[in-house]
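For reference, the structure is listed below as structure tokens.
In what follows, chains carry the letters A, B, and so on, assigned in the order in which the sequence lines appear, proteins first and then strands, with residues in each chain numbered from 1. This one's a predicted model, so the numbers in the text were calculated from it and none came from an experiment.
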Protein chains: 2
Amino acid sequence: MTIGLTNRQRAVLDFIKDEIVRRGYPPSFREIASNFGIKSTNGVKVHLDALEKKGYINRDPGLARGIELTPLAGAEDASIIRNIRKVPIVGRIAAGVPILAEENLDGYLAVDTTFVQADGVFALVVTGDSMKDAGIFHGDYVLGKPASQYFPGDIVAAIIGDEATVKRYYPEGDRVRLEPANPAFGPIIVEKDLDDFRVAGKIVAVMRKM
Amino acid sequence: MTIGLTNRQRAVLDFIKDEIVRRGYPPSFREIASNFGIKSTNGVKVHLDALEKKGYINRDPGLARGIELTPLAGAEDASIIRNIRKVPIVGRIAAGVPILAEENLDGYLAVDTTFVQADGVFALVVTGDSMKDAGIFHGDYVLGKPASQYFPGDIVAAIIGDEATVKRYYPEGDRVRLEPANPAFGPIIVEKDLDDFRVAGKIVAVMRKM
DNA sequence: TAATATACTGTGCTTATGTTCACTTGTCAA
DNA sequence: TTGACAAGTGAACATAAGCACAGTATATTA
């Protein structure tokens, strides 16, 4: 029952989230009121009632600052309120299903928002050293961000069959050349509109555990 | 000035953290009191004053539930958020002070616990490409973990003067050779017990934003 | 065109919450 | 054995904060 919020309600919700991030606890009615230039605490109460009714917050009536964010509000598990995103880790890719399908899921990686801002970002574990010279090693996590367009030279995660591979992307007519960053390996050349082939995202971050 | 806490103070601090996790906002004086069987709010106030004086919390006087946890409180023990650690980012290093001193602090990086388990881990931003062949580039974050002993070949964060540098560690008698991973650079050789020199930690992770 | 929802103002009230002060008790180090 | 510190009790107090109710205005929907 995801009921949409009005602009005003969303602004109030965002303010509450920001305050929780900034100070570690929710704002009071009067703090919300003064932030929005509202002169009556009742004006705020109406908003909070609406947010609660629509499932974005839970309140503990009577309690000072007794506002809890629900997952709907974007508090996946209180993570988002601390500059954190949970990025799905994509494991073995099942044929035909979208990359973020549950079948492919292999847990989550918590990532600081300095590394990811957008939604839809996924993580995968690199196999092989074909991107060694680009500083991407066997066993590294890479974060991939789906894009509407990829440019020559972009490092991308490409799906070929049920395998994900990380390479530099070079479109060549109706083919694509996937170029490794390691002289020991040669390029992979695939038909652009092969059913089996797609580019899942551009690599936006690398994380290595040593 | 990391002053130790008494058992009771630690218990109170833990309770505050638990409540923040559980409900999303800090407890009131009376909630703390009733949890510990304390009958006077003043009993609680003394604890909070002590926690504040010792740097584990910050309070906004007069405000209901105006308790903020400081990094000190979070670093003590499991982070308030599951699976996540907040790692202090070390910037320019002031002479003479410990690496984690406030003067050096440049914010925090949230990191999944798959990358860090221990306390005391710090992050710093790499300058220069001297570790390029080890897959550590200019601008990368590295996570350093202080150790009691370092072994030949370890990649470490070393402090020389007020500069941090990342290199491979090779002890040689009462000198240390800091070896880059880039043929364009030569090694740095320093006296082991120079005042100006110390090894701050072993590099346990690398994170790159592209 | 009546009903409903949003978005408020203004006032008064209740209570949840933090503060202050005086005093007690036990422990531990100088 | 004095003094400092931790850890309280108890009561009075001030105020921060939530709630209720009576209105007003506008827009949208049935």
Tell me the interatomic distance from [X], atom [atom1], to [N], atom [atom2], rounded to whole angstroms.
X      : N       : atom1 : atom2 : result
Q9(A)  : dA5(C)  : CD    : P     : 12 Å
I16(A) : dG18(D) : CD1   : C1'   : 14 Å
L13(A) : dT6(C)  : CG    : C1'   : 17 Å
R10(B) : dA6(D)  : CZ    : P     : 15 Å
I32(B) : dG18(C) : CD1   : C1'   : 11 Å
N7(B)  : dC5(D)  : CG    : P     : 19 Å
E52(B) : dT19(C) : CD    : P     : 10 Å
N58(A) : dG18(D) : CG    : P     : 16 Å

Checking all strands, does R30(B) fall into the base, sugar-phosphate, or nothing category for heavy-atom contacts under 4.0 angstrom?
base
For [N], does either OP1 or OP2 sit under 4.0 Å from a side-chain N or O belonging to [X]?
X      : N       : result
R59(A) : dC19(D) : yes
K54(A) : dT6(C)  : yes
T6(A)  : dA5(C)  : no

Pair [X] + [Y], salt bridge at N-O below 4.0 Å:
X       : Y       : value
E31(B)  : R23(B)  : yes
D49(A)  : K45(A)  : yes
D174(B) : K192(B) : no

Indicate whether the side chain of N42(B) and that of S40(B) have a donor and an acceptor atom separated by less than 3.5 Å.
no
Tell me, which of residues 60-68 of chain B have any heavy atom that sits under 4.0 Å from an atom in DNA chain C?
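Contacting residues: P61(B), G62(B), L63(B), A64(B), R65(B).
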Which residues in residues 33-51 of chain B have a heavy atom closer than 4.0 Å to any atom of DNA chain C?
T41(B), N42(B), K45(B)
Does R208(A) qualify as a cation-pi partner of F137(A), given the criterion of NZ or CZ under 6.0 Å from the six-membered ring centre and within 45 degrees of its axis?
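Relative to the ring axis of F137(A), which defines the angle, R208(A) lies inside both limits.
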Would R65(B) and Y25(A) count as a cation-pi pair here, with the cationic atom under 6.0 angstrom from the ring centre and within 45° of the axis?
no
Might you point out which heavy atoms bring Y150(B) and K145(B) nearest each other, and give the distance in Å?
OH-O, 4.2 Å
Treating R175(A) as the side-chain partner and E191(A) as the backbone partner, does any N or O pair qualify as donor plus acceptor under 3.5 Å?
no
Determine yes or no for a side-chain-to-main-chain donor-acceptor pair under 3.5 angstrom, with E179(B) supplying the side chain and K167(B) the backbone.
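Here the side-chain-to-backbone pair does not exist.
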